[in-house]
2 protein chains.
Amino acid sequence: MSSTKIERRVFLKNEECPIRNVVAQIGDKWSILILFSLVDGPDRFNALKSRIQGISQRMLTQTLRDLERDGYVLRTVYPQVPVKVEYELTELGRGLAASVWKLVSWADSHHEEIRSSRAHYDQQQV
Amino acid sequence: MSSTKIERRVFLKNEECPIRNVVAQIGDKWSILILFSLVDGPDRFNALKSRIQGISQRMLTQTLRDLERDGYVLRTVYPQVPVKVEYELTELGRGLAASVWKLVSWADSHHEEIRSSRAHYDQQQV
DNA sequence: GTATTAAGTTACCTTTTGATAACTCATGGA
DNA sequence: TCCATGAGTTATCAAAAGGTAACTTAATAC
């Protein structure tokens, strides 16, 4: 309670802000979708691609690389022919998924309210 | 446990996906900063501006409008001279802040790990 | 009649994000 | 010889996000 003021100041510095650092990664178009696609276990590139509706090869590669870079995803290449590549969540990735879960379920149960607020606002602005 | 598979499918449709709908708003450069700036109570435009380091007038206005549009923030104009405008979180906005809190605190306690993963990855790529 | 204040708006420009589509690479099969 | 496969890369382009700086408005104080 009494620490609220302090926390408030901590989070107001945008530069190197840990929250922005994490949320900026997660807040893009595909990261969360990929993250939640992997919570049940490892999956292969093309399996992800066909399961995540609408994602292009390029964006899947790119987003997976970013997730790997941050340590959320582990990439394993099996030297077969043709090559097989598996992606899976790391411990850190599972932690992130768990932390984002509350927001996700909140979003799921409030999106109607948000939608209607948007519609109402847009109507006012003519 | 047994519902995991179902949830998995639910979240893979990007179009009209409630999660993306919410997270896309929150995931931009300033929304979370503003949201957490308002958790202690109402604040005025210029107070926010000087407290949120680095934000421009334009981005503050724009982000506040988007938050208002989604129903997270209430804007009140006091017809004084010069005019006074106060922004405060709505019930919905407080709910969002609470839901995002777990992610925020997770990010706060894991950003070193993420940082070092990034540095390590970047080193590998030469 | 000029400056000040709060809360913006507008114009202009750069950077980042994301999309489409074509190309690569190694190998094994028809 | 040519095609298929899995997992990408590259080139090109359009759209969205974000930054800077100057302008606005209304009333009041100097």
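Here is how names work: the chains are called A, B, and so on, in the same order as the sequence lines, proteins then strands, and each is numbered from 1.
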Handout entry: Stepwise side-chain contact (heavy atoms from CB on, under 4.5 Å) test for A:Trp30 and A:Leu60
Key = CA-CA 8 Å; A:Trp30 301 108; A:Leu60 181 56; over 6 Å; no
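Screening residues 62-71 of chain A for salt bridge (charged side-chain N to carboxylate O under 4.0 Å, His left out), with sequence neighbours left out, gives A:Arg69-B:Asp122, A:Asp70-B:Arg118.
Residues from residues 64-87 of chain A lying near DNA chain D, meaning a heavy-atom separation below 4.0 Å, are A:Arg65, A:Arg75, A:Pro82, A:Val83, A:Lys84, A:Val85, A:Tyr87 in numerical order.
Here D:dT12 presents its P atom at 19 Å from CE of A:Met59, a figure rounded to the nearest Å. When rounded to the nearest whole Å, the span between CG of A:Leu60 and P of C:dT17 equals 17 Å. Taking atom NZ on A:Lys29 and atom P on D:dA15, their separation rounds to 13 Å, with Å as the unit. Atom pair A:Leu48:CG and D:dG6:C1' shows a separation of 13 Å (rounding to whole Å applied). When the P atom of D:dA15 is taken as reference, atom CG of A:Asp28 falls 21 Å away, rounded to whole Å. One interatomic measurement links the two molecules: CZ of A:Arg58 to P of C:dT17, which rounds to 11 Å at whole-angstrom precision. When rounded to the nearest whole Å, the span between CD1 of A:Ile34 and P of C:dG18 equals 11 Å. Separating the CD1 atom of B:Ile55 from the P atom of C:dA7 is a distance of 14 Å, rounded to the nearest angstrom.
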Quiz: residues 71-80 of chain A side-chain donor-acceptor pairs under 3.5 angstrom, not counting sequence neighbours:
from: A:Arg75; atom 1: NE; to: A:Tyr87; atom 2: OH; distance (Å): 3.3

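Set against C:dA7, C:dT20, D:dG19, the side chain of A:Ser56 has C:dT20 as its closest nucleotide.
Both A:Thr61 and B:Gln62 lie close to DNA chain D; mapped to their nearest nucleotides by heavy-atom distance, the more 5′-ward contact belongs to A:Thr61.
In terms of heavy-atom proximity, B:Arg20 sits nearest to A:Lys29 at NE-O, 3.0 Å.
Taking the salt bridge (charged side-chain N to carboxylate O under 4.0 Å, His left out) definition, one finds that A:Glu91 meets it with A:Arg94, sequence neighbours left out. With sequence neighbours left out, A:Ser31 forms a side-chain hydrogen bond (donor to acceptor under 3.5 Å, both in side chains) with A:Gln25, A:Asp28. With sequence neighbours excluded, no residue forms a salt bridge (charged side-chain N to carboxylate O under 4.0 Å, His left out) with B:Arg58.
Counting any heavy atom pair closer than 4.0 Å across all strands shown, B:Arg44 reaches sugar-phosphate atoms only and no base atom.
For A:Lys49 and D:dG6, the shortest distance from a side-chain N or O to OP1 or OP2 is not below 4.0 Å.
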